[in-house]
Amino acid sequence: MSNNLFDFGMIGLGVMGRNLLLNVADHGFSVIGFDKDEAKTSALETAATAGTTVKGVPDLAEMVQQLKTPRKVMMLVPAGKPVDDVIESLLPLLEKGDVVIDGGNSHYTDTLRRVEYLKETGINFMGMGVSGGEQGARTGPSMMPGGNVEAYGHIKPILESIAAKVGDVPCVDYLGKGGAGHYVKMVHNGIEYAIMQLISESYALLKKGGLSNEQLHETFKSWNEGLLQSFLVEITADIFLQKDDKTDAHLVDVISDKAGSKGTGKWTSQDSMELPVAVPVIDTAVAMRTLSGYKDERIQAAQLYSDTEFLAKLTQEELVAMVHDALYFATILSYAQGLAMLFQASKELQMDIPLPKVVSVWRGGCIIRSSLLEVFSKAYANNAALSNILLDAEVAGIIKSVLGNTRSAVALAAQEGVPAGALASSLAYFDAFRSERMPTNLIQAQRDYFGAHTYQRIDIPGTFHTEWGQN
Ligand code: 6PG
């Protein structure tokens, strides 16, 4: 085989790497994949569509030698040390101008460090968030690349051809400098955590209100046909129908309630506090996954604080309508908090993240795709520099239309003892955000009282301190 034959290379042929590479090949590019595990290189070739050019090799140097220059190589390996190890083995094999893309869920600070590290070699390192799971990788993911904009030019035709499409607009775009791609993906995952938590709280309320799995399926199915149309609501409807293959139960009822996590939601919360920016729905979602792990203590506590019957006098239709509106409200608040975080981070970390493009890229292929993103697209079309989507007039209209039911649902959850912390915190954030004057003047007074931390006044400029309790 002659040199310089392949258009695109992939390092790591796990499920995501293989599927993404096959997707590239399906779009007319010749591709070569590397994995030390020969079972994976042959699985790649076996799965290739007839007529496409796909090769798997167990030797990294062999793969690199067979790439057209400037070389375009993506890695899909576990985040952390494996990414650094791949970079070290690639370094002697690459040349100035080559483009290396990390498509995993790396922390953006690692990406920044790697961009800097490779700068002097002239190798362009780009961090790119990839969303959509196995299926998305194979048939059309949403992709969030960031880094050197010229380097993006080299990979743009390939990425645009393999991305999910909304109409004919590809769900990929250049999303900013440095670690912006991975930053955007981190916040995407924070929003993913928030919406998943909100759906689970809605499920808890509806279940306690007496809905069976079949009724839950019907409810989520009809929600997915309306304002709440989204990938996560759609799969939730399917989940309620799934039967267990080991017992007569519905599968959802025999799944342990300990929720896993790989850390990206936690990173979003941690980083929000560094900026700082408030993302309490995401924080609550992370906290609830953590609490779900404390099973033994929860079993003891359940005995001490026994549950109560559902007492509210509501028809199921009324309950469903109330929860629908609360979920819609809180979902908007989750996006609002995530996007506000991106707005702030873009400025603080000089990433130049174009929010209208972020929203466009999220419209298809990714886990948080939903019809609400069309509403947000319109908001950014009216004002690309919107600091918080709650400040858009159309969004405000939607919020006001569901606010009454949201308050009722949060109150109902509190009365019925249903844990709905994310729903409640979306409302609490909203009520604070819409307050011209928050009660934090009292906190300033307390800080000055016990620590002489000083305060500002509303009527006279300057900084003040009072000897409290002396009059
Ligand atoms: C995606 C997802 C994906 C993520 C999983 C697992 O966009 O396709 O965000 O990248 O890794 O959802 O996340 P947790 O294990 O943390 O729930």
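All ligand and atom numbering here is 1-based and tracks the order in the structure. Keep in mind that this is a model prediction, so the values were computed, not measured.
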Exercise. Could you tell me whether a side-chain N or O of Tyr174 sits under 3.5 Å from a main-chain N or O of Gly147, the two making a donor and an acceptor?
Key: yes
Exercise. Just jot down the ligand 1 atoms closer than 4.0 angstrom to any heavy atom of His188, in number order.
Key: 7 (O)
Practice problem: Please could you name the atoms of ligand 1 that Ile367 approaches to less than 4.0 Å, counting only its heavy atoms? | Solution: 1 (C), 2 (C), 7 (O), 8 (O)
Exercise. Enumerate the atoms of ligand 1 whose separation from the nearest heavy atom of Gly133 is less than 4.0 angstrom.
Key: 8 (O)
Quiz item: What residue and heavy atom of the protein are closest to atom 11 (O) of ligand 1, and at what distance?
Solution: Asn105 ND2, 3.1 Å
Self-check item: Lys208 with Asp307: basic N within carboxylate O range, under 4.0 Å
Solution: yes
Self-check item: Residues Asp7 and Lys68 bridged, charged N to O under 4.0 Å
Solution: yes
Quiz item: How far is atom 16 (O) of ligand 1 from its nearest protein heavy atom, and which residue and atom name does that atom have?
Solution: Tyr193 OH, 2.5 Å
Self-check item: Closest to atom 9 (O) of ligand 1 (judged by heavy-atom distance), picking from Glu192, Gln135, Glu134
Solution: Glu192
Quiz prompt | Salt bridge flag under 4.0 Å for residues Asp84 and Arg114 | solution = yes
Quiz item: Between Arg113 and Glu116, does at least one N-O distance fall below 4.0 Å, as a salt bridge requires?
Solution: no
Exercise. For Gly132, counting its heavy atoms only, list the atoms of ligand 1 lying under 4.0 Å from any of them.
Key: 1 (C), 7 (O), 8 (O)
Exercise. Heavy-atom distances under 4.0 Å are what count here, so tell me which part of Arg289 touches ligand 1: side chain, backbone, both or neither.
Key: side chain
Practice problem: Please confirm whether the backbone N or O of Leu251 pairs with a side-chain atom of Asp244, one donor and one acceptor, at under 3.5 Å? | Solution: no
Self-check item: For Lys262, the ligand 1 atoms whose distance to one of its heavy atoms is below 4.0 Å
Solution: 6 (C), 14 (P), 15 (O), 16 (O)
Self-check item: Closest protein heavy atom (residue, atom, distance) for atom 10 (O) of ligand 1
Solution: Lys185 NZ, 2.7 Å
Exercise. Run the salt-bridge test on Arg138 and Asp26 with the 4.0 Å N-O cut-off and return the result as yes or no.
Key: yes
